[in-house]
Each structure stands twice: as C-alpha cells, then as structure tokens.
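Worksheet: one structure, shown below.
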Amino acid sequence: MDQANIHKIRNIGIVAHIDAGKTTTTERILFFTGMIHKLGEVHNGQAVMDFMKQEQERGITISSAAITTDWNGHQVNIIDTPGHIDFTLEVERSLRVLDGIIMVFCAVGGVEPQSETVWHQADRYKVPRIAFVNKLDRSGANMFQTVEAMNEMLGAHAVPFQLPIGEEDNFEGIIDLVTMKATYYDGLQRVEKDIPAELLPKAREAHNSMVATLADYDDTLMEKYLEEEEITIEDIIRAARTAVLGICITPVFCGSAFKNRGIQLLLDAVVNYLPSPIDRGMVRGIDIEDAARTITRRPSTRGPFSALAFKIINDAFVGQQTFVRVYSGELKAGTYVFNSTRCKRERISRIMRIRAGDRQDMNEIKAGDIAALIGLKSTVTGDTLCAEEAPIMLERIYYPETVLDLRIESEDKKNRDKLGTALRKIALEDPSFTVNFDEETEETIISGMGELHLDVIIDRLKTEHKVAIKVGEPAVAFRETITAECRHNYKYKKQTGGKGQFAHIEFRIEPNPGEGIEFVSHVTGGRIPKEYIPGVEKGFRSAAEKGLVAGFPMVDLKFVLTDGSHHEVDSSEMTFRICTTQALKEIIHKAKPQLLEPMMKIEVNTPDEYLGDIIADIHRRRGKIESQRRFRKGAQKINGTVPLKEMFGYASTIRTLSSGRASYSMEFLNYHPLPKRLEEEVIAERLKKREEQRG
C-alpha cells in the first residue's frame, strides 16, 4: 500500500451518549456503502454491529466492534463504541488508535453526560472530530439548541455545515451550506433541489457565517473573502479540512439515521474533513533499552513494522483475535513479530478483516490499517508489536479504576477449573474487569465498572462459557490508605534444630498522594544482600494488594527500606518477604489508616416539577449538588457528586420520584475518605463476614 492509498484510509469511531443513535448510524453507513443489503435495527436485536447475545437482548452496545467499508474510493475502517459509562474502556482504547471520530448527539437530549466524557477522552488523545445531530424527526428536536450546548458545555467551536428543512414530524430534508443545495428524501432515495425561497435568506446568512469562520484558517479563503471574490466549494472544503485537522472547529451535520436521512452527506464529510493516517503524522514511542530516548515511526510501508494491540476477542471458531492498529511498515501472515512490551516473539498465523460478526482472510496488513491477528499467545491490550530488529514501545492505554466488587463461586468442584478458565478469558478481553481470589474465605472476587458491567459478565459466564455459579451481592470497592508517616524496626526469627529463618528490616511507610504504591530501598553496604531486597518488595506489594486493615487494596502508600541485617545461613528471599508482611501488620495502626470510598459524578435530567424531590434525595445520599441549569424548556440538568455506597437501587428510586420521566448517568470521579462512623461500620461488617465465611 503506497502513500496515495494510505491517504485514502479513514480510521473513524462513532461515539456518543447511550441512545443517541450510534449503532443505528453505523448500520445506515454500512447499508448506503453496500456492505449490508438489509437494514438491521437495534431495538429488535438485528443490528450487524451488535453481534453479542447480551447486546441484542439489551438493545445497547457493550463491546466496540470494527468493520471496514468503502465510500467514494476511500477505505473506511469504523469502530462503533458503547455509550454506557460502565463500558468506558471500550471508548478509551478505541480513541487511542483512531484518527477521527463522528460525535453523535441526540437533537432532543443535546449534550448528555457521556457526551462530555467521550469529548474529554477525545481531547486527551487529540482526535479531530465532526458532529452529527441525530433524531431530528423526534418530538422536541432542536439542532440549534444542541449546537449552542456544544459550544457552552464542551467548548466545541461548533459550526453548522447543514441546516434542517423542518423539524420533528415535519423534518423532510437538509440544506448543505457548502454546496448551497437542498436534499430531500423519498424513502431510501435522495433528491437534490434548489433551496426553497423562504429558507434562502437564513441559508445565506449561515453560509456567510461559516465562510467567515473558515477564513481564519486559510489564507487563500481569507483573501477571497476580504476582496469579495467568488469562493468555490473546493476553497471551503480545503479550509474546513485544515481547521478540523487542527481541532480548531467542529463541523455540525444533521439528519435522522432511523429515517435514513443525512447519512450519505455524513459519509462525504468523513472523506472530506476527517484525517487519513498520513494527516495524523508520525507516532512516538520509547526505546526499550533506553526509556529516556524517544523513537518515531512515520505512516509508511517502507519503515519498520510497528502496531498497537487495542482489543482482544476470544472467538469460538478461530480462537483469540487480537485487533491491531498498524502505524508503520507491513506484516504478512505466517511470519513472526516482536512483542516489545513482553519481550516475546509471536507468530502470526492469520490476518483477518473483520466485519462485526463475520471475517475474511488477508495476506498482509500495512501502515494505517486496522485488522485482527490470529495466533498470538502472550499479547494483551496495550502491548506494542514491532519488527524485532527495530524495537519500539508505543504509549499504553489508560485503564479506569474498578468501583464495584462481586463475590462468586462455582456451584460444585467440577466447575471450579472451568470458572477460572472463563474468568481469565474475559479478563484478557476486558482490562477494566479484574479477578482476585480471597485465600481466607476461598471465594473469587470479581471487580468492574458498575452493576451493568458485572451483570453482563455474569450473563457471559452462564451462557457463553456454560459455567454454573453462585453470585453474592454487589459490594463497593473500598480502598485503604495511611495518613501519617511511621517508622519500624522488625526482626523475624525462627530457629529450630535444623536450618532456621531470620530476617531483619528497618523501614518507614508514608502517605504517597496521587503516586500509587511505591517501593524504595536505601540500604547500602550489603547490610541486606541485593538478592533479598526483592523479597522485601514482594512482601510489601502483596500486603498492600490484600489490604492491612479490612482486606481492601491499599493506594498511595510509599515503603522506604532504610536498613536491616541478615544471617548467612538462615536468611532467604522468602524469609524477608514474610518478615515484611508481618512487620506491616504490626505497624499499620500507628500510621493512622483510613478507608476511602469511590465518589461518582452524577448528572440527572428532570422535568421542573420533580426538581426539589430529586435534589432532596441526593442530599439524603450524602451527595453534593455542584450546579443546575435549564437544558430545554421545562427541564433541568443537575450535576453533583455522590458516594457509590449510597447509590444502590437509585434507578428504581428516581423512576418513582419522577413518574419515570427523569434519567441519570454516573461515572467514577475519585476516591474520598469515608466518614469515621461509616468507616467503623464497614470494617466491623467486613471482619464479621470474614469470620462467618472462615467458620
């Protein structure tokens, strides 16, 4: 694939708040590009992109799906992402490898909570974007109100490139402000006409405003605009493309995906304005032998191969599929590649082009493309694959914190191994899901992003992996930390008739705000031999992971080893590991430990008449209201923070308080100290449960 062909690739994502119409928009794109010949609907479980059983049953997207299609001589690789906050990692890892996105907004709901989250994720990865205001046929739809909210709430510098002809039930067409033509729809057919005379003044005003904005980003257009010369369509497209690539503006398009209106024009915008891999430029990584040295790779087939693994799916027919974005070079099926993250060699048995639930074999994959590799054994999400003779490590993918725990166990011993295998496969696919085994109670604890996330995983265990399990009640994933520095001198000594055990350490532990778990050794002069110091670190990290107060993982804790001693015969790495664990248990209460609870950002959309009851209920849940604003006539948005501990069953409560008319969204914000009274209750309850389970 030469440079000209790379210029014709578009790696795009379709992202939005839940129910804004992402998957329906993707289905229409596939239909109008000829990839599918029958329209599938999300609400009846027939959407091509929602191929998981759990997605079809719930009518939502859970796992990002990749598919390739073509439009006007361009290859378009599309990733349809989830809108529910519990599956935010799917959006995160997709944005890491995409070149551009279509932000879909509901013309009724406007800028909703997950819209803001996704927008800021795209900001983090500096991803250019265009916007599609969907559902203009719905009651209460208002494109201009949505554009205003985009500018006010997101700082989007949103510029309308289209105007709707009619709204709600009267939405019948679209005015293209670039070509100054009107498009009407007759079923699946579109008809281009002149702009109606009654709408022409408004269209000219919007066209002039768009051109004036674009003139700031293109000298030729600016000169023509100031000299009042004729401005061509090509002038506008060139200037708009420059502005989009620089993330200076967000062009806004409109339509109704469900009614098949606006999709072809949106595809034209993808080709005209969103970047190719070459537009995105070189990618940077680090030298695996010198972490301080930066290496670059250009999007060219001539350079050494480099790619990032961003998603893993276990398929019943072909085994593990590892989705990769190739940044440079090329890779052929049947050859070897180097995993620089794991320092392991991997063989590529097959390369596949994925069209959601289907697949086709490819002989090779080249710079700029996205595909699935078959045959990788050690690679996980976020790993870099590269040429062995030219190693590079690309930036890894950010994983959000888990906030909810659930205890599960197999119904019988026969299923125990089967459960472990299934959990390992799911954890490999989904890094926002973790699994731990409680050795004291012999229970498996799974952790996820929320109730829906864990509910889907339980469903997959039962239906996809056929594992019979018992499920406990969801529990908040608390954390432990310390608030004071503490020093300790501890000697571990067991001597019998034969070989004994001896280890001696002097250390301090101290708060480490925002820096996580950290181990430092200041031991000099061989007081503790170098080969035993890893035992001290392992003991510390193991104790921190299991928790020292109530069995919750510890965060923001620093361990500094200052001195110690050893015995020539009775010391070993294991004795120093045991010594460290016991020393920490003895000292932890002197360091003023504290429990932390997950705090959630909450946004509630409610009609005015229920505002007081909903605010009062949030206050009862130890929540704080940070802002409230009107987002459409007769309705308000409430933003605040609330402890996750108080939010179980909230969906039922808000339905009752608002007669089913209010909606809400939550996402993890941070960990915050638990009030002392509640801390004592949580610790007492936790210890009581452990005693009961041991008994």
Side-chain angles (χ1 to χ4, degrees), residues 436-441 445 478-496 499-513 515-524 527-567 569-596 671 673-674 676 679-691 693-695:
N436 290 291
F437 184 72
D438 190 323
E439 293 175 359
E440 289 187 47
T441 63
I445 303 167
F478 293 103
R479 295 289 184 264
E480 299 176 10
T481 192
I482 62 171
T483 59
E485 181 181 311
C486 193
R487 298 173 182 270
H488 199 40
N489 185 334
Y490 188 82
K491 196 172 285 185
Y492 172 68
K493 188 175 181 181
K494 274 191 177 182
Q495 291 178 320
T496 58
K499 187 176 184 295
Q501 296 180 24
F502 179 88
H504 169 220
I505 57 174
E506 292 182 25
F507 65 95
R508 72 174 185 272
I509 54 175
E510 58 190 58
N512 200 27
E515 300 298 324
I517 300 297
E518 186 179 355
F519 174 86
V520 178
S521 173
H522 290 164
V523 175
T524 57
R527 299 275 295 163
I528 301 176
K530 287 183 180 179
E531 61 267 27
Y532 297 156
I533 289 177
V536 179
E537 182 172 3
K538 287 175 185 175
F540 160 62
R541 292 191 180 277
S542 174
E545 185 180 320
K546 293 176 181 176
L548 291 164
V549 180
F552 298 111
M554 302 198 78
V555 295
D556 296 342
L557 172 65
K558 185 175 184 179
F559 182 105
V560 182
L561 182 63
T562 54
D563 203 356
S565 61
H566 72 290
H567 189 279
V569 177
D570 295 344
S571 292
S572 66
E573 182 181 323
M574 181 55 71
T575 58
F576 274 92
R577 183 171 181 171
I578 295 169
C579 174
T580 304
T581 302
Q582 293 189 358
L584 285 167
K585 287 178 180 177
E586 185 175 282
I587 194 183
I588 191 65
H589 291 288
K590 296 178 182 177
K592 296 182 181 177
Q594 187 176 59
L595 282 194
L596 305 174
Y671 274 94
L674 187 65
K676 202 65 184 173
E679 180 180 83
E680 291 168 359
E681 289 178 9
V682 168
I683 293 174
E685 185 180 346
R686 176 83 163 183
L687 296 178
K688 181 182 176 183
K689 276 187 180 178
R690 290 196 150 206
E691 287 300 321
Q693 287 158 347
R694 276 199 295 263

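All values derive from a computational prediction rather than experimental measurement.
Of all heavy-atom pairs spanning V549 and I683, the tightest one is CG1-CD1, 3.8 Å. Residues L584 and I509 share a closest heavy-atom pair of CD2-CG2, 3.9 Å.
Checked by atom type and distance alone, the side chain of T481 pairs as donor or acceptor with a backbone atom of V555 at under 3.5 Å. Although no hydrogens or angles enter the test, the distance criterion places no donor-acceptor pair under 3.5 Å between the side chain of R508 and the main chain of E485. For T575 (side chain) and A503 (main-chain N/O), no donor-acceptor pair under 3.5 Å exists by modelled atom type. Between the E480 side chain and the P553 main chain, no donor and acceptor come within less than 3.5 Å of each other. Looking only at distances, a side-chain donor or acceptor of R686 sits under 3.5 Å from a matching main-chain atom of A550. Side chain of N512 to backbone of K558: no donor-acceptor contact under 3.5 angstrom is found.
Here the CG atom belonging to L674 is positioned 9.0 Å from the CD atom belonging to E681, to the nearest 0.5 angstrom. In this structure, L548 CG and M554 CE are separated by 5.0 Å, a value rounded to the nearest 0.5 Å. Distance check, rounded to the nearest 0.5 Å: OH of Y532 to CG of L561 gives 14.5 Å. Atom CZ of F540 is separated from atom OG1 of T580 by 10.0 Å, given to the nearest 0.5 angstrom. In this structure, CZ in F519 is found 6.5 Å from CD1 in I533, a value given to the nearest 0.5 Å. Distance check, rounded to the nearest 0.5 Å: CG of L557 to CD of E518 gives 10.0 Å.
In this structure, the ring of F502 has its center no less than 6.0 angstrom from the ring center of Y492.
The aromatic rings of F507 and H488 lie perpendicular to each other, with more than 60° between the two planes, well past the 30° mark.
Using modelled atom types, one finds no donor on one side chain facing an acceptor on the other under 3.5 Å when comparing H566 with S571. Checking E506 against N489 by side-chain atom types alone, a donor-acceptor pair falls below 3.5 Å.
Remark: E545 engages N436 in a side-chain contact (heavy atoms from CB on, under 4.5 Å) (not counting sequence neighbours). Shown here are the salt bridge (Lys or Arg N to Asp or Glu O under 4.0 Å) partners of E573, two or more places apart in sequence or in another chain: K538. Partners of E680 according to the side-chain contact (heavy atoms from CB on, under 4.5 Å) rule, which considers only residues two or more places apart in sequence or in another chain, are K676.
Inter-residue side-chain proximity for I517 and F559 is flagged as unmet; no heavy-atom pair is nearer than 4.5 Å. Using a 4.5 Å heavy-atom cutoff, the side chains of L596 and Q594 are in contact.
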